[in-house]
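Just the heavy atoms: all of them, side chains too, but no hydrogens, waters or symmetry mates, feed the values below.
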Amino acid sequence: MKNFGFILIYTILGNILPAQILLIIFTIHCALILAPYIVQKKLIATPISLFIVGVVIVNIANYGLISALKNGTEITYSYAFTEYLDTSAQIWCISSTCVFIGYEWATKWSLPHVYYVVKNKSSLEKIFYALLTINILQFIGMRIFSISQIAIFLDTAGLLGILVFARIYGKNQENKHLIFAIILAVVQTYFALLHAYLRLSLIVPTFLLFLGYFIGKEDFKYLLTYRIVPFLFAFGLFAVAFKTLGTSRSNFIEAFKYGQFGTANDAGASGQNALLDRSSNLAQISCVVDLVHKNGFYMGAASEPLLIALVPRFLWKDKPSIALGRWFALETGHAYMNSAGNINNSINMTIGGEFYLDFGWPGVVVGSLLFGIFFAMMWNTTQFYSSEYNISGILFGGYLLYISFINFGADLEIVITVLSFYFSFFVLRKILDIL
């Protein structure tokens, strides 16, 4: 019931208190929600607990964004509408809280499971070499399958294999599994240095390596030991390099050559706070509110393209690509379409922002509740903690943990992506059961 009480606070005080105060209250609220997960220890890594941690980081970034706007500091998101920041903070707080509530409602609900426990432990070595092969083929630009969904599924499995073997090592302390996890992490990081477009790809392998290890230890106290120091060092190095890496998106390794590290300019980023700037989301939500003031609620038109995504591409070869972020950037006037029909920019609406754009406050509340229920049901299909040898469940569960930490992605497109992965893992589990 306390979550409903906080929704009432955000609804009433959101029209009275400035956005920064509301964010402070919301951060305290998040700490209260996270506390039971810490006490439970074994279940600390769940979609909702990692989502809460991610929300706190976003709250800090949003607080900094508002301060920078008030002080006239140069920031990444110069497209923020300052007059709508209070409403934007309300949307963010209420939507996130409704996701919490929906998730808690559905803690025992599930679709058919996707977990498969490897009975022969010697098979783990074969799985490692299969994942390593996938990584190498990805590195040299070869695809085993031309069907995009299968290719994406295999690429993601190659990345999440890091978490699988790191978790097994954390549980059983068998050095070969640590070696497997490190090799996969090094390959993925090197691949990101040469080819990734998003800077986050550089730190994700390290994040999965340590996340898997601490999940395997199954006790929160290990986070408070020297074991966390290497990750903090790696993350600190990434934060320092974040601004520089923005100038070499097609080939990050160039940013480390010729003494450029830490000196290049990332247009629009505010110096050493570039990473924190990128973590905020009130600017894009303020653009949502501005569209509503100009055009009224879109009554489902903003999310309508997602219906197209439900049709398999093999049944509709000319199916247009779904890119809500690009549409939103164009709609808000922060992108243009060239003669070839390509849009040059993408801005995320956030989950709550998209619900508000389509259906207003009822959409934020009902939609976010349903979204929380959906994610709980997806998580329960993994049976993540049933066994450290539950390979398919850990792969899918690791994906859900990751996207939860980054606040479930940019918009409601994530629902289609998660469903696609769920069906892929479900089919994989059925095949493994037959074999």
Kindly list each side-chain donor-acceptor pair under 3.5 angstrom involving residues 360-380, sequence neighbours excluded, with atom names and distances?
residue, atom, partner, partner atom, Å
S368, OG, S95, OG, 2.9
S368, OG, V364, O, 2.7
N380, ND2, A106, O, 3.3
N380, ND2, T107, O, 3.1
N380, ND2, W109, O, 2.5
N380, ND2, A376, O, 3.2

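- For residues 165-177, the pairs satisfying salt bridge (Lys or Arg N to Asp or Glu O under 4.0 Å) are K171-E218, with sequence neighbours left out.
- To the nearest 0.5 angstrom, L401 atom CG is 6.0 Å from L211 atom CG.
- Side-chain polar atoms of E354 and S303 form a donor-acceptor pair below 3.5 angstrom.
- Across F51, F207, Y399, a single residue satisfies ring-ring contact (aromatic ring centres under 6.0 Å, His included) together with F405, and that is F207.
- In this structure, F165 and F128 have perpendicular ring planes: the angle between them is above 60°, well past the 30° mark.
- In this structure, CD1 on I391 lies 11.0 Å from CZ on F425, to the nearest 0.5 angstrom.
- One finds the CD1 atom of I168 at 10.0 Å from the CG atom of L163 (value rounded to the nearest 0.5 Å).
- For the pair T381/F426, no side-chain contact is recorded, criterion being any heavy-atom separation below 4.5 Å from C-beta on.
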Worked check of side chain to side chain contact (heavy atoms under 4.5 Å, CB included) between L208 and Q188: CA-CA 11 Å; L208 292 175; Q188 282 285 339; over 6 Å; no
Test log, rule side chain to side chain contact (heavy atoms under 4.5 Å, CB included), inputs L306 and V415: CA-CA 9 Å; L306 294 178; V415 173; over 6 Å; no
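- In this structure, I285 CD1 and N62 CG are separated by 7.0 Å, a value rounded to the nearest 0.5 Å.
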Derivation and outcome, side-chain hydrogen bond (donor to acceptor under 3.5 Å, both in side chains), residues Y79 and D290: CA-CA 11 Å; Y79 50 79; D290 180 65; over 6 Å; no
side-chain hydrogen bond (donor to acceptor under 3.5 Å, both in side chains) between T350 and N281, worked out: CA-CA 8 Å; T350 74; N281 63 10; 5.6 Å; no
Identify each donor-acceptor pair in which a side-chain atom of residues 179-187 lies under 3.5 Å from a protein atom, sequence neighbours left out, and give them as a table.
none

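- Taken to the nearest 0.5 Å, the CG atom of N390 stands 9.5 Å off from the NE2 atom of H113.
- Taken to the nearest 0.5 Å, the NZ atom of K217 stands 12.0 Å off from the CG atom of L223.
- Within the 6.0 Å centre-distance limit, the rings of Y356 and F297 are counted as a close aromatic pair.
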